[in-house]
K.L.:
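One structure follows; several queries about it will come next.
Order of appearance sets the numbers: ligands from 1, and atoms from 1 within every ligand.
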Amino acid sequence: MESNKDDKKVLPNKLERHKLFGSVIPGPKSKPTEKEQMADLQNSKNDYLFDLDAVGISNVKHPIQVTSTMNPTSQTTIGTFNFSSTIKKDSKGTNMSRFTEQLHAYYQDGKLNVTLTDLKQYTQELALRLKSNDASIEVHFPWFFERKGPFSEIAGLNHADASIYVDYTKESGFNIRVGLTGSVTTLCPCSKEISEYSAHNQRGKISMEIDITDNFDENEIDWKYALLEAAESNASARIHPVLKRTDEKMVTEQAYENPRFVEDMVRLVAADLYEYSFVKAFYVACRNEESIHLHDAIASVTYNKNTEH
Ligand SMILES: Nc1nc2c(ncn2[C@@H]2O[C@H](COP(=O)(O)OP(=O)(O)OP(=O)(O)O)[C@@H](O)[C@H]2O)c(=O)[nH]1
């Protein structure tokens, strides 16, 4: 390597640098470059031994639009998608480019609104595009909502993790599941009972997944708000982004007045979901990040309102 008089390095140009690190000049190429002449392995037909439950792509991140009854009523957030369909054993593979091709088409048309109506249309169109009888999509996204201090009413944004699963089959139509994981404060009833003063508390993560009824109208009910309310209204206290002293006193006392075990949490949330008429079946889990242990405390319940167990 050369140096100039100011002792500054004189670097080889970029092409030379790439050669230095192992890049080689492209060799002769004999395979077709026209799509029509290229081998199409994924569309080969043979007996490939097994039908597949799902083939597709996962962990696809993309901006999406979300609407809500809470402020902000409209927001852009990041969705993480899984897209798939089944394939029969006579087919070697799926056409993977079509998954992201459709995603970009919807984005360009301004149709990436994560509403149940739009996602149903999306899933049905995906099946058509794949020339398949079925398609499934799953999207997870952070949903932001305004939360005010209980006394000061000073606002900030909280967030919960929302998810939507849409399964479509030509024969039986749509199956939709939605989910939400939100955070709450829980104060230990046992600790309150046995101690002369104070009680330990923790941050609880409440995860809910629900199968919704076929006639569910998302314009009438904001499922994200409904699930958040089921979690928060049953907790020892809600969690806030901004708390002044006046607020802090209120949430501390409220938590002490409403102690909850992890078991209490899932049962109380289950009771609210049982009462929601748009819920067919549900799963509720609570994970308390214990402040007196390094481990977490967990509880969960699944229930189907049709079979009543
Ligand atoms: N089936 C399959 N495809 C893969 C796999 N790994 C990568 N690919 C994808 O193969 C894709 C290209 O194949 P296709 O989507 O069938 O492309 P194409 O035949 O030009 O597309 P169409 O005209 O829509 O049929 C690329 O997007 C790669 O991501 C894999 O394990 N299985």
K.L.:
Enumerate the atoms of ligand 1 whose separation from the nearest heavy atom of Ser97 is less than 4.0 angstrom.
P.N.:
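So the answer, numbered in order with elements, is 14 (P), 15 (O), 17 (O), 21 (O), 27 (O).
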K.L.:
Say whether Asn43, considering both its backbone and side-chain N or O atoms, lies within less than 3.5 Å of an N or O atom on ligand 1.
P.N.:
no
K.L.:
Among Phe81, Phe83, Tyr107, which one satisfies ring-ring contact (aromatic ring centres under 6.0 Å, His included) with His62?
P.N.:
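Only match with His62 under ring-ring contact (aromatic ring centres under 6.0 Å, His included): Tyr107.
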K.L.:
Give me the residue, atom name and distance of the protein heavy atom closest to atom 19 (O) of ligand 1.
P.N.:
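Checking every protein heavy atom, the shortest distance to atom 19 (O) of ligand 1 gives Asn95 ND2, 3.9 Å.
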K.L.:
Could Lys305 and Glu275 be called an ion pair, given the rule that one side-chain N must be under 4.0 Å from one carboxylate O?
P.N.:
no
K.L.:
Please walk me through it: do Arg245 and Glu248 pass salt bridge (Lys or Arg N to Asp or Glu O under 4.0 Å)?
P.N.:
CA-CA 5 Å; Arg245 274 174 294 150; Glu248 189 178 3; over 6 Å; no
K.L.:
Determine whether any protein heavy atom is located less than 4.0 Å from atom 27 (O) of ligand 1.
P.N.:
yes
K.L.:
Output the list of atoms in ligand 1 that are nearer than 4.0 Å to some heavy atom of Arg98, sorted by atom number.
P.N.:
22 (P), 24 (O), 25 (O)
K.L.:
Quick check on the 6.0 Å ring-centre criterion: do Tyr276 and Phe216 meet it?
P.N.:
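So the answer is no for these two rings.
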K.L.:
Do me a favour and list the nearest non-hydrogen protein atom to atom 5 (C) of ligand 1 with residue, atom name and distance?
P.N.:
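Going by distance alone, atom 5 (C) of ligand 1 is nearest to Met96 SD, 4.1 Å.
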K.L.:
Just need the protein heavy atom nearest to atom 20 (O) of ligand 1, so name the residue and atom and give the distance.
P.N.:
Lys35 CE, 3.0 Å
K.L.:
Under the salt bridge (Lys or Arg N to Asp or Glu O under 4.0 Å) rule, what do Lys280 and Asp214 come out as? Steps first, then yes or no, please.
P.N.:
CA-CA 9 Å; Lys280 279 200 294 195; Asp214 297 340; 3.8 Å; yes
K.L.:
Would atom 2 (C) of ligand 1 count as contacted, meaning some protein heavy atom under 4.0 Å?
P.N.:
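At least one protein heavy atom is under 4.0 Å away.
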K.L.:
Around atom CD of Glu196, are there more than 12 heavy atoms of other residues, nucleotides or ligands at under 6.0 Å?
P.N.:
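Count not over threshold, so no.
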K.L.:
Among all protein non-hydrogen atoms, which one is nearest to atom 12 (C) of ligand 1, and what is the separation to 0.1 Å?
P.N.:
Gln42 NE2, 3.8 Å
K.L.:
Can a cation-pi geometry be assigned to Lys192 and Tyr256, taking NZ or CZ under 6.0 Å from the six-membered ring centre and within 45° of the ring axis?
P.N.:
yes
